Protein chains: 4
Amino acid sequence: MGSFSGHALPGSFFLVAGIWWAGKYSLWHATRRNKNIGSTRLSSRASQRLLEIIESSVILFFSIVGILAEQFIANGPKFQLYNVTESHWQDLMNWQHSTMYLFFGLAGAVSLIIHTTEAAPLALDRLMLAIAFFNEGFLFLFHLHGRTMLDVHVHQLLLFAIFGEALVAFMEVFHRGNIILELLRCTLTILQGSWFWEIGFVLYPPSGPLWDLKDHNNVMFVTMCYSWHLAFAMLVVSVLYYTVSCVVRSRLKRTPRMEMGLLKTRERDPESEDEIL
Amino acid sequence: MGSFSGHALPGSFFLVAGIWWAGKYSLWHATRRNKNIGSTRLSSRASQRLLEIIESSVILFFSIVGILAEQFIANGPKFQLYNVTESHWQDLMNWQHSTMYLFFGLAGAVSLIIHTTEAAPLALDRLMLAIAFFNEGFLFLFHLHGRTMLDVHVHQLLLFAIFGEALVAFMEVFHRGNIILELLRCTLTILQGSWFWEIGFVLYPPSGPLWDLKDHNNVMFVTMCYSWHLAFAMLVVSVLYYTVSCVVRSRLKRTPRMEMGLLKTRERDPESEDEIL
Amino acid sequence: MGSFSGHALPGSFFLVAGIWWAGKYSLWHATRRNKNIGSTRLSSRASQRLLEIIESSVILFFSIVGILAEQFIANGPKFQLYNVTESHWQDLMNWQHSTMYLFFGLAGAVSLIIHTTEAAPLALDRLMLAIAFFNEGFLFLFHLHGRTMLDVHVHQLLLFAIFGEALVAFMEVFHRGNIILELLRCTLTILQGSWFWEIGFVLYPPSGPLWDLKDHNNVMFVTMCYSWHLAFAMLVVSVLYYTVSCVVRSRLKRTPRMEMGLLKTRERDPESEDEIL
Amino acid sequence: MGSFSGHALPGSFFLVAGIWWAGKYSLWHATRRNKNIGSTRLSSRASQRLLEIIESSVILFFSIVGILAEQFIANGPKFQLYNVTESHWQDLMNWQHSTMYLFFGLAGAVSLIIHTTEAAPLALDRLMLAIAFFNEGFLFLFHLHGRTMLDVHVHQLLLFAIFGEALVAFMEVFHRGNIILELLRCTLTILQGSWFWEIGFVLYPPSGPLWDLKDHNNVMFVTMCYSWHLAFAMLVVSVLYYTVSCVVRSRLKRTPRMEMGLLKTRERDPESEDEIL
C-alpha cells in the first residue's frame, strides 16, 4: 500500500464492519431480552439466518475484489510470484495483502456454508474469524523490518487491536452469544478501522508538513492518540447499542401484547444477570 | 507529575478505592453466606444498588476533577494540544494523565448508567474497569523511554499490578460475584496505591539523600520491596474481610431468627465450596 | 537432522497423524450428531476404544523406532552421552530428537494404559499430548543459537504451530469432545507436517540454487508462505470433515430407522448449537 | 545461597512436598471414585480436614525455620536491612530468600485458618499457593543480573516450573478437585525440586571438574536435561498414583459391601469422564 488511500480503504471497511456488527448484535440482544413481549416479530430465527448469509456473501465478495485489486491495480504482481529475470520476489507487499484478504474470504465462505447448510458446527464461523484476524496480525508482525521508529510504532499499536480481536473471537467459540464479547469485538473492529485512517494521516499526510518519524514525542503522542481512538470506538458502539435498544422497545410498546408476557418480564428482571452471562 | 505529591495523590486514591472495595465485597459476601439467617436486613438488593450508584458517582466526579487538575493546575496545557509557535506537543505528560482519568471516568459513567437504568448488561461495568486499567498500563508501557534504570524498573513493577488487575476485572465479566477474584482485585488495587507512594519516596525522597538510580543493588532491593507491599496489601484485605465477617455475624446473633434458617445453615455448610465458586 | 530427508520424515509423520485425526474426529462427531438415527452401528463405543488402542500402539511403536534410529543410524551416539576422550557432549542433536520422541512415546504409552485399563482419568491422554508438544517446542526454542536469519525464522514459525497445538490439547483437557478444538488440533498438526517439508526445501533444496539465508525478502516470503500452508491445512481438514459427514449420512439413509428417531432429529435441530459446545 | 547445599536443601523440600501431594491427591481421588463401595472408611471428610491442618502447620513451621535460618545462619543479616556505616544493603540474597519463605508461610497460615475455622472461602488456599509460587518466580526473575550464561539459563529453566505451577494453582481456584490439575501441580513441584539439585550439581559440583559456564553446548545439554527431569517427575507421580489406586482397591475388595453399591458402580462407569472433569 504505502499511500494514504491504501490505509484509508481497509480502514473504511473495518469501520463499516464494526458499525454493522454493533447494530446487528444490539438488535439480537434486544430481541432476546424482550422475547416474552413479542420481540421475535422484529428478528426471527429465519431473518437472523438470512442476515448472516447476506453478511457472509458481502465479506466473501469484497475479499475476492480485494485480492484481485491487489494483484492487478497499481502495478500489482498479476499472480506472478517470482521474477526470474531479476531474481527477486515480485511485489511481496501486494502478495501479503492478498493473503490477508484470502483468510477473510475463507472466513466468509465458511460462514456462508454454515448458515446455508447444516454441514458444519455453528461455532466454526467464530474460529475462522479468529484465524483471519490472527493471520492479519501475524503478517503485520513480520512486516515492519527496517522501517523508522514511528512507522513501526503505529503498526505495532494496530496489533493490539488485531490480536485482541482474534482473542475475543476465539473466546466466542466457547461463549457464543455473550453480548459483552460481541460488543468488545465491535469496538476493536472500529478501533482498527479508525486507526488505519490515523496511520494514513500520520505517515502520508494529505496536507500540511510531514511528521518527524524519529521524534520520541511523536511516539508518545501517537500512543495517547490510540487511547482516544479506543474511547471514540467505545462511544460509537454505546450510542448504537442504546439507539437500537430504544427503537426495539418503542416499537414493541406501540403494539398490543399478552398480559402474561408483561408479568413474566417483571419477574425475571432481578435475575437478568444470569441470562446475560 | 514528576514530583513526590504527584505520585502520592493517585496512590492515595487507589489505597482508598482498594480498602473501600475490600469492605464492600466482604460485606456482600457475608450477606450472601448468611442469607438464611436474615442477613438481608444488613444489605438488601436496593441498598446494594444505591451503594453502586454512589460509588460510580464518586469515581466519575474525581475523574473529572483529575482531568481538570491536570489541565489547569501547575502550568498544565489548558486543553491546548499543540504549541504551534514552538512546533512541539504541549505538556504530553499532563495529557497522558488526563487520558488515564478519562477512562476511569468512562468506567464510572457506564457503571452509573447500568445501576440507575436497565439499559445495559450488568457485566459491562467490569469490562469498563478492565479497559480502564488496561489503558492505564498501556500508557505507562510507552511512558518510560530514556529514563534511568531504577526509574524504569519501579514503573515496570507497577505494571504487574495494573495489568494483573485488568486481567482479574476481565475474568469477573465471566465469574461475577466470585469472592476470590474480588478480593484479589482489592489486593492489587491496594498494592498499586502503596507502590505509588513507594515510587514517590524512591524517586523524589522528601528528606534524606537521593537514591543512586543506576545501582543494581537498589533494583534488587526495590523488587523485594514490591513483594513486601504485596504481603502488606494481602494483610490489609484479610483484616478487613475478617472484621466485616465478624461484625455481620455478631449483629445477626443479637437478633432473633427462625429455627428453620438455623438448620439450613448447618446443612449447607459442607457444600459451601460450590456456592463460593 | 540437518538434511532434506531429516525434515521430510517427521513432516510426513505429522501429515499422516493430522489426516488420521481429522478423519477420526469427523467420524465420531458425525456419529454423535446422528445418534438417534442409528449411527452407533458405524462407530460404537467398543470400536472407538479399539481405535484408540491401535492409535496409541502405533504412536508408541514409531516413537521407539524414532529413538533407536536417532541413536544408531547415521553415526548416532549409540546411547553414549559424553565423549570423555574429547571432553564434549556426544551428538547433542540426536539426543534432543530422541528426547522429543521419548515424550511422544510417553503420551502413547499413557494413552494405551488409559484405554486398556480403567486405571487413569480419561483426560490424561490430552494432557500428555499437550506436554509432548510443549516439550517439542521447548527444545526447539533453545535449539537455534548461532544459525542464520532465515534458518532461525523458519524454525520460529514452526513454534507457532507447536505451541498452539500444545495449548489446544491442554484446553481439550477441560473441553473434551469439542469438535472445534479437535479440528483445530488436526489443522495445526497438518500445518506442522507440511511446514517441516517446507523447511527441508528451503534449507536443503534437493534441486536448484541455494536460498540466500540473509535476505530479508526471503524472510517476508517465507512468513507469507506459512499462511498459505495454514490455509492448505484448513482446506484438507474441511474436505475430510465434509467427506466423512456425507459418507456417514448416505450410509445411514440406505438403512431403515425408527420414526421416533426422525422426529427427535427435527426437534433438536434448532438447539444443536448447545450440543456442539 | 551460592553453594551446593543451598540448592539441595530447598530442592529436597520441594521433592518431599511433590511426593506428599501426589500421594494425598491420589488417595482422595481413589476415595471419590470408589465412594459407593464404601471407600469413605479409608478417607473420611474429617480425616481429610485433619490432613490439611497438619500439612498447613508443617508448611508454616518450615517457612518460619527457613526465614530464621536465612537471617541468622552463615553470616545472615540478622534482620538488619541497611548497613549505614558502609552505605549498602545488607545481604540482599538472604533477604530475598526470606521473602520467598514468607509467602509460603502466609499460604500455610491462611490454609490453616481456612481448615480450622469457617472464616474464609475454601478456594483461597489455592490462590495463596499461586501467589507464593508467583512471588518465588518474580523474585528469581530479577535475581540474575550479571551472571554467566549457563548460570542464568539454569535459573530461567526453573522459572518454567515455577510460573507453570503458579498458573496451575490459580486454575485450581476455578477447577478445585480436578485430578489432572492436581497431578500436574505435583509433577511441577517434583520437577522444581529435582532441578534445584541439578543446579547445585552444575554450578557447584561437589566432585569432579567445574563446568564451562560459557559453552553453548552445555546450555543445550542442560535444556535437554530439563526435559528428562520432567519425564522423571511424571514417572514418579504415575507410580505413586498407580500404587495408591491399587492399594485402595485391594483394601476395599477384602471387605464386604452392599450389592446396590456394586450395581451403581457398573452403571456409572461409562460416564466417569464427566465426574473426573
Side-chain angles (χ1 to χ4, degrees), chain A residues 26 29-30 32-34 149 153 156-157 160 164 167-168 171 174-175 178-184 187-188 191 209 212 215-235 237-238 241-246 249 265-266 269-277, chain B residues 44-46 48-49 81-84 87-107 109-110 113-114 117-128 130-132 134-146 170-177:
Chain A
S26 299
H29 182 65
R32 253 176 294 154
R33 286 192 72 182
N34 301 300
M149 188 171 67
H153 189 65
Q156 272 179 344
L157 292 178
F160 278 83
L167 187 70
V168 170
M171 289 181 73
F174 301 94
H175 298 276
N178 183 321
I179 186 71
I180 301 285
L181 287 181
E182 286 169 346
L183 292 184
L184 184 55
T187 307
L188 290 173
L191 170 61
D212 180 353
D215 182 4
H216 189 258
N217 280 323
N218 283 338
V219 168
M220 277 182 69
F221 168 72
V222 154
T223 309
M224 187 171 60
C225 203
Y226 192 74
S227 292
W228 297 349
H229 278 257
L230 175 57
F232 164 77
M234 281 155 62
L235 191 75
V237 171
S238 307
Y241 177 84
Y242 186 71
T243 312
V244 170
S245 300
C246 287
R249 264 183 242 171
T265 326
R266 204 170 292 147
D269 258 11
E271 292 167 37
S272 58
E273 180 181 347
D274 305 328
E275 197 191 319
I276 292 150
L277 297 179
Chain B
S44 65
R45 236 166 215 284
Q48 286 190 11
R49 174 168 280 213
L81 185 56
Y82 194 72
N83 189 327
V84 184
S87 294
H88 66 72
W89 302 102
Q90 191 75 34
D91 299 299
L92 273 178
M93 281 292 177
N94 296 55
W95 275 102
Q96 287 212 337
H97 299 142
S98 298
T99 306
M100 293 181 190
Y101 288 124
L102 171 67
F103 274 77
F104 283 103
L106 284 176
V110 167
I113 292 169
I114 289 171
T117 73
E118 297 268 313
L122 201 55
L124 200 62
D125 59 347
R126 297 297 148 85
L127 181 69
M128 293 299 295
I131 290 176
F134 177 82
N135 178 65
E136 189 197 348
F138 171 77
L139 287 177
F140 265 120
L141 197 64
F142 298 104
H143 200 229
L144 303 171
H145 182 85
F170 187 66
M171 290 181 72
E172 282 188 80
V173 171
F174 302 93
H175 298 275
R176 195 186 182 85

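FYI, side chains are in, hydrogens and waters are out, and symmetry mates aren't considered; it's all heavy atoms of this structure. None of the values given here were measured: they were computed from a predicted structure. Protein chains get the first letters and strands the later ones, always in sequence-line order, with residue 1 at the start of each.
Looking at B/L127, only its side chain comes within 4.5 Å of chain A, counting heavy atoms on both sides. Contacts between A/L183 and chain B at a heavy-atom distance below 4.5 Å are absent for every atom of the residue. At a 4.5 Å heavy-atom cutoff, B/M100 makes no contact with chain A through either its backbone or its side chain. The contact between B/W95 and chain A is made by backbone and side chain atoms together, counting heavy-atom distances below 4.5 Å. Residue contact with chain A, scored on non-hydrogen atoms closer than 4.5 Å, involves the side chain of B/F170 exclusively. Using a 4.5 Å cut-off between heavy atoms, A/L235 makes no contact with chain B at all. Interface remark: A/N218 contributes backbone and side-chain atoms alike to the contact with chain B (heavy atom separation under 4.5 Å). If you measure heavy-atom distances from A/Y242 to chain B, the contacts under 4.5 Å come from the side chain alone.
Taking 4.5 Å as the limit, every side-chain heavy atom of B/L124 sits out of range of all side-chain heavy atoms of A/I179. When side chains are defined from C-beta on, A/V222 does not count as touching B/F142, because their heavy atoms never get closer than 4.5 Å. Counting only heavy atoms from C-beta outward, the side chains of B/H143 and A/T223 never approach each other to under 4.5 Å.
A/H175 and B/F174 have tilted rings, their planes meeting at an angle from 30° to 60° on a 0 to 90° scale.
No other option in B/L106, B/L141, B/L81 has as many heavy-atom pairs under 4.5 Å with chain A as B/L81. For the options B/N135, B/V110, B/I113, B/L102, heavy-atom pairs under 4.5 Å to chain A are most numerous at B/N135.
Ring to ring, B/F138 and A/Y226 are close: their centroids are under 6.0 angstrom apart.
In this structure, B/L92 and A/N217 approach most closely via the heavy-atom pair CD1-O, 3.3 Å. Here the closest heavy-atom approach between residue A/Y241 and residue B/P121 is recorded as OH-CD, 3.3 Å. Nearest heavy-atom pair across A/M224 and B/L139 is CA-CD2, 3.9 Å. When every heavy atom of A/M220 is checked against every heavy atom of B/Q96, the shortest pair comes out as O-NE2, 3.6 Å.
For B/Y82, the OH atom sits in a packed shell: over 12 heavy atoms of surrounding residues, nucleotides or ligands are nearer than 6.0 Å.
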Inset, instruction - Please assess A/I180 against B/R126 for the test side-chain contact (heavy atoms from CB on, under 4.5 Å), listing each intermediate value before the final yes or no. - result: CA-CA 10 Å; A/I180 301 285; B/R126 297 297 148 85; over 6 Å; no

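In this structure, B/E136 CD and A/S227 OG are separated by 11.0 Å, a value rounded to the nearest 0.5 Å.
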